[in-house]
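In what follows, a structure is listed as structure tokens, so that the remarks can point back to it.
Chain naming here is simple, since letters A, B, ... match the order of the sequence lines and numbering starts at 1 in each.
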Number of protein chains: 2
Amino acid sequence: MREIVTITKALANDVRLRILMMLSEGELCACQIIEVLDLAPSTVSKHLSILHQARLVDARKNGRWVYYQRSRIGTSPINGDIFRWLRESLKNDDQIKTDAVTLKKITKIGVEELCKRRAQKD
Amino acid sequence: MREIVTITKALANDVRLRILMMLSEGELCACQIIEVLDLAPSTVSKHLSILHQARLVDARKNGRWVYYQRSRIGTSPINGDIFRWLRESLKNDDQIKTDAVTLKKITKIGVEELCKRRAQKD
DNA sequence: TCTACATTTCGCCACTTAACGAATTATACT
DNA sequence: AGTATAATTCGTTAAGTGGCGAAATGTAGA
């Protein structure tokens, strides 16, 4: 029960649903997710940790960057039901659609260039 | 998005998951749900209203009793995924199993007798 | 080694949630 | 009409959540 409630709590937030939808296409660097959401890094990091604790996303560290992707557990038959439902329910959502557009622009420039630009702004 | 978050928030609580599991077999009177959960009637009523607002349960008034059941929306293909996942994930949960046992005893005596006994305790 | 920087952790604040009892509403029965 | 009672709404309180900036952590490159 505790495990299931951890998962449903993780899903009970619009920012975290946006993150999960962004990860539909594949893995993303934390900095890319931060850029799309336009929230404080610490806030996004907390959301990612909640998703990770619920075993909905996996983290992979590469150099100073951390990449996230939907977990293998999340793609298993049992949890696959949730994702199918979320994808189906949110595929026409405006926020999700604009996120996808923003994401496409960002993935084009690549992680290194994205962070370089980000550093210049400070 | 708002609608989906309303649903996931409704699912993000153990008491409400217990209620949904209790309603797997069919409709129940509010007083039966209150009896199984052993919480204040006002608390349970609030939970039921949250489930109702999320369109996960329907309410039917009969005399002074109110009967709840899983909503038809909830049984549609789209939301059916969630229920299937919940049922599958929780079928071996201890709390859910003891709830089922308690419920069986309570449904045997019937709603009128249950409320009569309840009144005598005061 | 020292610096830069991506990410996380921590501390704080505003807001929400879940619990209860008291008061209210609505229905059945006398 | 008046009473009893199932259920809900309201007000209050304690605990949890989501946001931020500051500080800490860890890694790449000078």
Side-chain angles (χ1 to χ4, degrees), chain A residues 2 5-19 27-54 57-68 106 109-122, chain B residues 2 5-6 8-19 27-54 57-68 106 110-122:
Chain A
R2 168 184 287 272
V5 175
T6 301
I7 293 172
T8 55
K9 275 187 191 297
L11 298 175
N13 175 275
D14 59 330
V15 172
R16 290 194 290 271
L17 293 184
R18 289 170 66 193
I19 294 173
E27 73 173 11
L28 291 174
C29 176
C31 65
Q32 296 175 307
I33 299 170
I34 290 165
E35 186 72 17
V36 173
L37 295 175
D38 197 27
L39 289 169
S42 60
T43 303
V44 176
S45 182
K46 178 68 176 165
H47 283 303
L48 286 167
S49 121
I50 289 168
L51 288 169
H52 185 64
Q53 273 197 288
V57 305
D58 287 334
R60 172 177 77 83
K61 193 162 194 175
N62 187 6
R64 58 181 126 179
W65 290 289
V66 180
Y67 289 86
Y68 287 92
I106 285 170
I109 47 180
V111 173
E112 304 216 11
E113 179 64 18
L114 174 65
C115 289
K116 205 177 290 176
R117 290 191 195 176
R118 196 164 178 54
Q120 284 172 356
K121 280 201 296 183
D122 303 335
Chain B
R2 168 183 289 270
V5 175
T6 300
T8 55
K9 275 188 191 296
L11 298 175
N13 176 276
D14 59 329
V15 173
R16 289 193 290 271
L17 291 184
R18 288 169 66 193
I19 294 173
E27 72 174 9
L28 291 173
C29 177
C31 64
Q32 296 175 306
I33 299 170
I34 290 165
E35 186 73 17
V36 173
L37 294 176
D38 196 28
L39 289 170
S42 59
T43 303
V44 177
S45 182
K46 178 68 176 163
H47 282 303
L48 287 166
S49 121
I50 289 168
L51 288 169
H52 185 65
Q53 273 197 286
V57 305
D58 286 335
R60 172 177 77 83
K61 193 160 193 176
N62 186 7
R64 59 180 127 181
W65 290 292
V66 180
Y67 290 86
Y68 287 91
I106 284 170
V111 174
E112 305 216 11
E113 181 64 17
L114 174 65
C115 289
K116 204 177 291 178
R117 290 190 195 176
R118 194 164 179 54
Q120 282 173 359
K121 281 200 296 185
D122 303 334

What is the distance from [atom1] of [X] to [atom2] of [N], rounded to the nearest Å?
X	N	atom1	atom2	answer
B/D14	C/dT17	CG	C1'	13 Å
B/K9	C/dA18	NZ	P	9 Å
B/I50	D/dT9	CD1	P	12 Å
B/R16	C/dA19	CZ	P	8 Å
A/L51	C/dT7	CG	P	16 Å
B/Q32	D/dA7	CD	C1'	14 Å
A/L28	C/dA6	CG	C1'	16 Å
B/R18	C/dA18	CZ	C1'	14 Å

Practice item. Please check the phosphate of C/dA18 (OP1 and OP2 only) for any side-chain N or O of B/N13 closer than 4.0 Å. Key: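 So the side-chain polar atoms of B/N13 do come within 4.0 Å of the phosphate oxygens OP1 or OP2 of C/dA18, strictly under.
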
Inter-residue atom distance [X].[atom1] - [Y].[atom2], 0.5 Å rounding:
X	Y	atom1	atom2	answer
A/I19	A/L48	CD1	CG	4.5 Å
B/I33	B/L39	CD1	CG	12.0 Å
A/I34	A/L28	CD1	CG	11.5 Å

Check your understanding: Listed in order of residue number, which residues of residues 37-49 of chain A have a non-hydrogen atom at under 4.0 Å from DNA chain D?
Key ->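 Residues of residues 37-49 of chain A that come under 4.0 Å of DNA chain D are, in numerical order, A/L39, A/A40, A/S42, A/T43, A/H47.
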
Check your understanding: Which of residues 58-68 of chain A sit near DNA chain D, with a heavy atom under 4.0 Å from it?
Key -> A/K61, A/G63, A/R64

For residues [X] and [Y], report the shortest heavy-atom separation together with the two atoms involved.
X	Y	result
A/R16	A/K9	NH2-O, 3.1 Å
B/R18	B/V36	NH2-O, 4.0 Å
A/D58	A/H52	CA-ND1, 4.1 Å

Review point. Would you say the side chain of A/L51 lies within less than 4.5 Å of the side chain of A/Y68, judging by non-hydrogen atoms?
Key: no

**Study point:** B/L17 side chain near B/L11 side chain, heavy-atom distance below 4.5 Å
**Key:**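 B/L17 reaches B/L11 side chain to side chain.
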
Exercise for review: Considering only NZ, NE, NH1 and NH2 on the basic side and carboxylate oxygens on the acidic side, decide whether A/K116 and A/E112 come within less than 4.0 Å.
Suggested key: no

